[in-house]
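What follows is a single structure, written as structure tokens, with notes after it.
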2 protein chains.
Amino acid sequence: MSTQAQVRTRVRTSVATVSLSGSLEEKLTAIADAGFDGFEVFEPDFVSSPLSPGELATRAGDLGLRIDLYQPFRDLDSTDDEQFARNLIRAERKFDIMAQLGCDTILVCSSPLPTAVRDDDRLAAQLHELSVRADRRGIRIAYEALAWGAHVNTYRHAWDIVARADHPALGTCLDSFHILSRGDDPSGIRDIPGDKIFFLQLADAPRLSMDVLSWSRHHRNFPGQGNFDLATFGAHVQASGYTGPWSLEVFNDVFRHSATGRTAADAHRSLLHLQEEVARVQESECDTRGLSLFAPPAPAPIDGVVSLRLAAGPRKDGELREMLRHIGFHLVGRHRQHDLQLWRHGSLTIAVDATAGTVWTAPGIPADLPALTQIGVRCADPDAWGRRAAALEMPVSEVDLPGADPAQSDVVRLRVTDATSLDLRSPSSGAGWLSAFEMYPIPVAQWRRQRALFTGVDHIALALPADSWDGVMLALRSVLGMQPHEGLDVTDAVGLMHTQALTLGDGDARLRILLNMVDGNAFGMENIPVARRGGVSHVAFSCEDIFTTATHMVAGGYEPLPISPNYYADLEARFGLHPELLDRMRTLGILYDANADGEFFHLFTRTVGADLFFEVVQRVGGYKGYGEPNAAVRLSAQLR
Amino acid sequence: MSTQAQVRTRVRTSVATVSLSGSLEEKLTAIADAGFDGFEVFEPDFVSSPLSPGELATRAGDLGLRIDLYQPFRDLDSTDDEQFARNLIRAERKFDIMAQLGCDTILVCSSPLPTAVRDDDRLAAQLHELSVRADRRGIRIAYEALAWGAHVNTYRHAWDIVARADHPALGTCLDSFHILSRGDDPSGIRDIPGDKIFFLQLADAPRLSMDVLSWSRHHRNFPGQGNFDLATFGAHVQASGYTGPWSLEVFNDVFRHSATGRTAADAHRSLLHLQEEVARVQESECDTRGLSLFAPPAPAPIDGVVSLRLAAGPRKDGELREMLRHIGFHLVGRHRQHDLQLWRHGSLTIAVDATAGTVWTAPGIPADLPALTQIGVRCADPDAWGRRAAALEMPVSEVDLPGADPAQSDVVRLRVTDATSLDLRSPSSGAGWLSAFEMYPIPVAQWRRQRALFTGVDHIALALPADSWDGVMLALRSVLGMQPHEGLDVTDAVGLMHTQALTLGDGDARLRILLNMVDGNAFGMENIPVARRGGVSHVAFSCEDIFTTATHMVAGGYEPLPISPNYYADLEARFGLHPELLDRMRTLGILYDANADGEFFHLFTRTVGADLFFEVVQRVGGYKGYGEPNAAVRLSAQLR
């Protein structure tokens with residue numbers, strides 16, 4: 001038996017009911033369905049529920065769920081002795097409920113009130129008194145520092161008070177948000193005896209500049225959805241010897257109204273993802289104490305995007321075909337049974353689906369057609385990806401490309417968003433389903449012309465409603481191992497859009513995805529262009545010389561976007577570009593950006609339908625951006 | 001001629017193009033239509049516009065608009081002399097454009113960069129050099145301190161640099177956001193010579209805890225929509241002798257996608273409102289320098305809410321009538337031509353409209369029926385209200401109550417939200433239109449029973465989509481002179497709702513309105529109860545003894561909401577209420593809140609249709625709230 005196997009333990013998973021939407025009954029069902037071992041009762045959920053404590057305990061038992069924590073108990077300590085006495089009575093009433101619930105741990109958080117006790121000995125004495133009463137009832141007190149506590153607001157201080165109070169029924173509760181939001185160094189967690197950590201609450205959060213209280217109450221999310229280094233945090237906790245549940249406590253405005261089951265599934269996936277990340281940190285530290293049992297197959301190498309599928313429907317089919325022809329794609333085949341065409345450009349394939357059918361960007365929100373429904377990626381080992389996705393509880397869809405034999409196809413399909421899936425194919429796959437197509441011979445002249453144009457797919461932008469954002473982010477980061485870069489707000493004539501790039505590894509060009517979130521208020525608003533309501537989706541092709549490429553495209557029928565002359569005057573003022581270069585750019589509708597890393601030239605097509613367009617980009621030097629400052633200029637030209 | 005008349009001046013109004021959504025052409029049309037005298041060209045709007053500078057100048061001239069300012073010119077000063085030389089060339093390119101625009105003032109803002117000049121003399125010298133160049137072109141430099149400037153970030157410092165640079169083409173620009181967001185004392189504005197203030201930018205903002213840059217770029221709004229004391233600020237500016245335009249520069253995520261014309265109208269109204277507020281401050285200071293010419297009729301006294309109109313449509317009519325009967329209203333008449341019933345309870349009248357027709361909560365968003373479409377308020381002088389509303393450019397609607405003669409009706413109707421209007425009626429009005437109704441005799445027993453119940457309308461809650469929020473807030477504050485109280489986020493099982501109370505004067509009970517904003521993302525989401533998608537609207541009746549009232553209601557058929565027993569256990573733990581009182585409350589579905597001001601008892605009906613319900617409240621002592629902590633408990637019971 002290896003040393004590693006000896007110490008590996010199964011992590012018990014838990015989640016606070018406040019993290020999900022719905023009634024308490026709905027939450028419990030979703031928590032059990034998602035595979036959690038237990039949950040925290042968030043008191044306001046219990047207070048408004050018709051379930052009595054006994055009924056709740058029975059329901060939890062029937063679902064195989066432990067009630068891990070009752071929370072929060074606020075404002076225990078007080079400089080006013082009478083108030084403290086009343087608080088002890090209030091606590092006894094909660095112990096009554098916990099006895100009926102069969103829950104043995106209550107969260108007591110540090111007080112943010114002006115009456116908070118600021119004398120550590122007196123505070124420890126008050127906590128000791130509460131612990132004596134709790135102990136009589138068989139209940140444990142988990143004392144937590146709120147980041148905005150009046151006196152106690154760091155985990156070190158909370159642990160110091162617990163040590164000072166010195167009662168077996170008293171321990172501390174660690175909450176990653178309260179610790180990391182303050183920028184505290186979490187390494188001191190290693191110094192706390194694991195058996196005195198009575199509970200562990202985990203939350204991630206995006207980097208935001210706002211007061212910690214608002215940040216905490218509205219913008220927490222699950223591990224792998226935000227910007228905290230939870231992997232290192234988790235490694236510290238494992239090193240302490242803590243063996244209790246890993247529990248999610250997330251206050252998030254979007255989750256509060258999102259589909260309960262979907263959020264619960266994301267929550268559980270986030271804990272699996274975190275375990276893998278923690279194990280990675282532990283391995284890098286050669287620390288094998290408490291290594292998690294969870295070890296999915298590692299991500300296999302990906303070569304890059306080789307194919308796309310676009311749903312055009314019968315109404316947008318003509319417009320899309322014209323656009324594809326103009327930018328240099330050629331119709332090479334047609335399905336024998338279905339209204340499905342194959343277009344090629346060099347080694348890139350686009351399948352255009354002209355059959356009728358609705359594509360959904362989210363439950364209840366139909367996408368505007370044409371919509372990008374599949375991204376085909378070539379990789380060495382699709383099967384390993386399939387096993388990895390399954391381990392991370394990500395549904396692997398059936399392959400429904402007409403003509404394909406699912407058992408033989410060697411294609412793994414991951415649903416990345418409601419509208420778009422990612423197909424992972426081995427280099428050998430694809431030959432089988434081609435037989436379902438009638439293929440056309442291609443004139444040599446066309447092959448020649450193509451050589452000058454696109455070298456691949458630079459990036460793909462996907463439109464996302466706010467409700468889907470965190471779930472998609474987690475899927476891309478956990479299953480595919482993609483890395484998020486700095487998010488950005490882009491403004492234009494019709495609103496503000498948050499955009500976020502993800503790449504394989506640090507800027508790896510083989511797969512770059514931009515997520516575009518539109519303000520949910522735009523849905524149903526009359527004066528918003530349809531493109532903005534449904535978000536903005538596009539495919540950007542890379543090329544080696546954008547001027548040559550654009551000239552060829554114009555020869556093929558592409559009409560450059562009418563970019564404002566004011567834009568080129570501003571480029572001249574800002575970058576001092578040569579007037580002759582600016583003239584060529586203006587003629588071909590080419591936009592420009594530059595920074596310390598390099599330069600970026602790009603052009604856009606008009607939109608096809610309301611929502612889809614194509615981009616062509618040329619990167620010079622190490623430019624890593626996406627020309628975001630040009631978004632308003634691009635949209636203004638597309639709207640004309 | 002009085003002294004006051006001698007110094008009153010007409011304020012010139014202006015607005016930055018960034019404050020509105022749409023293309024630059026659409027913005028200009030909306031700005032002219034709203035009655036502005038001029039506008040600021042926000043450079044990114046110009047850069048993405050197809051209009052050449054000459055075409056823009058012509059368009060502005062045709063619309064009767066002055067181009068008051070070109071902005072912003074960023075990062076002029078630099079510790080790197082070569083960079084500063086390049087910045088001067090960049091400025092010259094902008095002067096070229098301004099010459100074609102016919103615009104003579106450019107905004108230069110303090111630098112937030114690490115290369116910002118931190119030596120005041122050197123900074124003044126660089127600004128002097130720019131001013132010499134500008135002067136040659138007939139252009140003026142308005143230098144502004146950004147709140148997040150690296151070295152210059154207060155208006156006093158910016159003015160000091162301007163004084164030090166000492167050039168006739170150089171003055172300062174004041175921006176209320178940059179000054180008030182930092183908590184700076186604006187009274188020093190009085191010490192700046194008015195002719196050295198080259199420009200005035202105004203923005204209000206809600207009180208938010210976030211970094212000033214994000215607050216500024218996303219959450220500014222128009223005067224009368226936020227929490228800044230702009231009246232005092234404006235009085236300081238008037239006292240300085242400034243005679244230039246009062247211009248709005250607002251960066252607001254919601255306005256960026258809202259209807260352009262509506263936002264522009266709100267913008268202009270906000271400047272009229274501000275002038276009235278400034279004049280009020282000046283009068284209180286006996287300061288008659290520069291008093292504005294704008295003086296609408298003052299708000300006339302309001303007695304209170306006396307009637308409501310509810311649109312039920314043919315489908316919700318029966319359900320609503322049953323509810324009205326259960327809570328103690330009686331059918332007293334029916335319209336002779338239309339399907340319109342009159343219901344009475346004491347002196348309160350409710351008209352129920354069962355005719356078919358859609359009520360819109362916002363353009364494109366149909367309200368769920370039944371919906372509250374009119375609030376009837378009794379006041380001494382409706383005509384004065386009508387003239388006041390007209391002066392503040394608030395549309396006064398036609399009165400369409402069947403049977404009413406608009407010329408005679410003595411009713412002024414203000415559209416408060418898209419769904420709901422406020423009817424201001426004199427005590428004598430109403431007799432005319434009653435003749436169109438067939439009235440029923442009422443049994444004496446009914447009259448008796450009614451005496452014990454409602455004493456009036458305590459408050460009315462209106463559901464608002466985020467897009468309408470600021471406009472409605474401004475209308476209530478400007479025309480009706482209502483005062484906003486602290487806003488509050490309320491969470492429950494289906495999401496988070498921002499709620500905001502407004503009252504006449506400070507807590508005046510004669511008219512209390514709660515605005516409820518729902519997260520726009522909820523629209524179109526499948527798993528959100530309809531009630532939450534369309535917002536939450538209700539009418540709260542006041543009473544003197546809620547236990548007697550509720551007992552009478554139960555006798556009339558009202559079924560108390562099934563409030564969770566856990567709620568009463570929690571009330572006992574929190575407030576130590578007597579078990580017998582808790583028992584009576586539980587039986588009647590009565591909820592409770594208390595604070596230092598007093599106590600609050602209230603009960604709710606189930607919802608009628610998806611969105612409307614009634615509340616009964618009893619206030620004890622000086623309790624000023626609305627029982628907000630009980631929202632989740634109420635909704636949980638209504639959903640069952």
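A, B, ... follow the sequence lines: proteins, then strands. Residue 1 opens every chain. A quick note: this is a predicted structure, and the numbers were derived from the prediction, not measured. Scope of the values below: all heavy atoms of this structure, side chains included, with no hydrogens, waters or symmetry mates.
When heavy atoms are compared at a cutoff of 4.5 Å, B:E43 approaches chain A solely by way of its side chain, counted from C-beta outward. When heavy atoms are compared at a cutoff of 4.5 Å, A:L51 approaches chain B solely by way of its backbone atoms N, CA, C and O. Neither the backbone nor the side chain of B:P44 has a heavy atom closer than 4.5 Å to any heavy atom of chain A. In this structure, chain B has no heavy atom under 4.5 Å from any part of A:E92.
Put simply, the side chain of A:D570 does not reach to within 4.5 Å of the side chain of B:R90, judged on heavy atoms. Residues B:D489 and A:H218 are in side-chain contact: their nearest non-hydrogen atoms beyond the backbone lie under 4.5 Å apart.
Interatomic distance, B:N566 CG to A:S49 OG, rounded to the nearest 0.5 Å: 6.0 Å. The CG atom of A:D45 lies 11.5 Å from the OG atom of B:S564; values are rounded to the nearest 0.5 Å.
Within a 6.0 Å radius of CZ in A:R574, other residues, nucleotides and ligands contribute more than 12 heavy atoms. Atom CZ of A:R133 has more than 12 heavy atoms from other residues, nucleotides or ligands within 6.0 Å.
Taking chain A as the reference chain and counting heavy-atom pairs below 4.5 Å, the highest number among B:E26, B:R217, B:R93 is found for B:R93.
When all heavy atoms of A:A632 and B:S48 are compared, the pair lying nearest together is O-CB, 3.9 Å.
Partners of B:Y592 according to the ring pair (Phe, Tyr, Trp, His ring centres under 6.0 Å) rule, which considers only residues two or more places apart in sequence or in another chain, are B:F575, B:F601.
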